[in-house]
There are 2 protein chains.
Amino acid sequence: MRPSLNHSKMKSELEVFREFLEQKGMRSTPEREAILTEVFAHHDHFDVEELIMRLRHQGLRISRASVYRTMPLLVESGLVQEVFFEDGHMHYEHIYGHEHHCHLRCLGCRKIIEFRNGAVEEVEKRIGQDQQFEITGHKLEIYGYCQACQEKKD
Amino acid sequence: MRPSLNHSKMKSELEVFREFLEQKGMRSTPEREAILTEVFAHHDHFDVEELIMRLRHQGLRISRASVYRTMPLLVESGLVQEVFFEDGHMHYEHIYGHEHHCHLRCLGCRKIIEFRNGAVEEVEKRIGQDQQFEITGHKLEIYGYCQACQEKKD
DNA sequence: GCTGTGATTGAGACTCGGTCTCATATATAC
DNA sequence: GTATATATGAGACCGAGTCTCAATCACAGC
């Protein structure tokens, strides 16, 4: 479902992550790389507890602390982004290798619909210029009711 | 700074809140109304702890539980919105009587710049039509570096 | 390849935002 | 005024995320 970019000339996420760590004077460790690999192994939104379960399921016993410590690194490196905060904890998705997209959230069934819309990026660019702001990213979240839930309401 | 609408023909926030509560079969209480009043007494973003301190400062001893219980009501009634989750807790602002605006967040100094841009709303409307979604609201948060922090980085 | 050392990990204690419980109080219907 | 269902307050509780510190490990320098 999620549109992918042409990967032929792209660095792998592992390369990107290693370079990011090196440039920060941090070390590449099996734990960090296993977390990265698992994050990119599925294409859905996830939260940290889910990720830990998936790692456990692989037979990898990486501590909760390490996973929590690694998440901000993945975000800072631009490989992953925070999507939304719900049910008391943050939800993430990997974004490296995917075109930027925004989220429609149904308040009825909690379904998330992803969509791409170039106009958003253009508006963003203009706003940055107006405000003399160097934009590094944005989060657009639209909420409401999906078609099915609109019908249920009636 | 924040653009206000023409209030001449508008219901007061208190009226809106009372109607909202009645329509939900809930009661209007002095605690709920004091919380509402305090929320509308200042024009900055706030978090629940701050709000509780402000209420205490007024000599009002409303329990944390009541304040936490009231916040979702204010949000659901459309008087208040969640702005962003930061430092481990949610931040709010009152929106009733103000034009819709979005937020630029500086990752350097954490400053928040509010701005209004009609193009965002138009894009949103179009997206809703495309996806057959009934849109009730949206949150656009752009992050990056303000002019001062850009200079500091060099 | 071995060594030294500073970064990293893991286990579990800890913090703190937010929720829940339940006895008491109170808003509203009659 | 009375009945009753809803709301409040105090504090216990929950759970996401952080911190501590001893043990381990990645990597630079030899």
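So that the names make sense, note that chain A is the first sequence line, chain B the second, and so on, each numbered from 1. Heavy-atom basis, side chains included; hydrogens, waters and symmetry copies ignored.
Checking C:dG6, D:dT6, D:dG9 against the side-chain heavy atoms of A:R27 singles out C:dG6 as nearest.
Using a 4.0 Å cut-off between charged side-chain N and carboxylate O, A:D87 and A:R110 make a salt bridge. Taking a cutoff of 4.0 Å between a charged side-chain nitrogen and a carboxylate oxygen, A:E86 and A:R105 qualify as a salt bridge. By the 4.0 Å N-to-carboxylate-O rule, A:R27 lies too far from A:E22 to be salt-bridged with it.
Checking the phosphate oxygens (OP1, OP2) of C:dA27, no side-chain nitrogen or oxygen of B:S28 falls inside 4.0 Å. One finds a side-chain N or O of A:R32 lying less than 4.0 angstrom from the OP1 or OP2 phosphate oxygen of C:dT8. Listed pair A:R69 / C:dG10 fails the phosphate criterion, with no side-chain N or O lying under 4.0 Å from OP1 or OP2. At C:dA7, none of the side-chain N or O atoms of A:T29 fall inside 4.0 Å of OP1 or OP2 (strictly under the cut-off). Listed pair A:S66 / C:dG10 meets the phosphate criterion, a side-chain N or O lying under 4.0 Å from OP1 or OP2. OP1 or OP2 of C:dG18 sits under 4.0 Å from a side-chain N or O of B:Y68.
Nucleic acid contact for B:P30: sugar-phosphate only, since backbone atoms but no base atoms lie under 4.0 Å from a heavy atom of the residue.
In this structure, CE of A:M26 is placed 18 Å from P of D:dC25, rounded to the nearest angstrom. When rounded to the nearest whole Å, the span between CD of B:E49 and C1' of C:dG17 equals 7 Å. We find that NE2 of A:H89 is positioned 18 Å from P of D:dC14, with the value rounded to whole Å. The interatomic distance linking B:E86 (CD) with C:dG18 (P) rounds to 13 Å, in whole Å. Atom CZ in A:R18 sits roughly 21 Å away from atom P in C:dA7 (whole-Å rounding). Rounded to whole Å, atom C1' of D:dA16 lies 14 Å from atom CE of B:M90. Taking atom CG of residue A:D47 and atom C1' of nucleotide D:dG15, one finds them 13 Å apart after rounding to whole Å. Remark: P of C:dG18 and CD of B:E50 are 12 Å apart, rounded to the nearest angstrom.
In this structure, a donor-acceptor pair under 3.5 Å is present between the side chains of A:S28 and A:E33.
Toward the 5' end of DNA chain C, the nearer of the two residues B:F85 and A:G25, judged by each one's closest nucleotide, is A:G25. Nearer to the 5' terminus of DNA chain C, by closest-nucleotide assignment, is the contact made by B:V48 (compared with the other of B:E31 and B:V48).
The base of C:dG10 is not paired with the side chain of A:R64 by any donor and acceptor separated by under 3.5 Å.
Taken from NE2 in A:H45 to NE2 in A:H94, the straight-line distance is 9.5 Å, to the nearest 0.5 Å.
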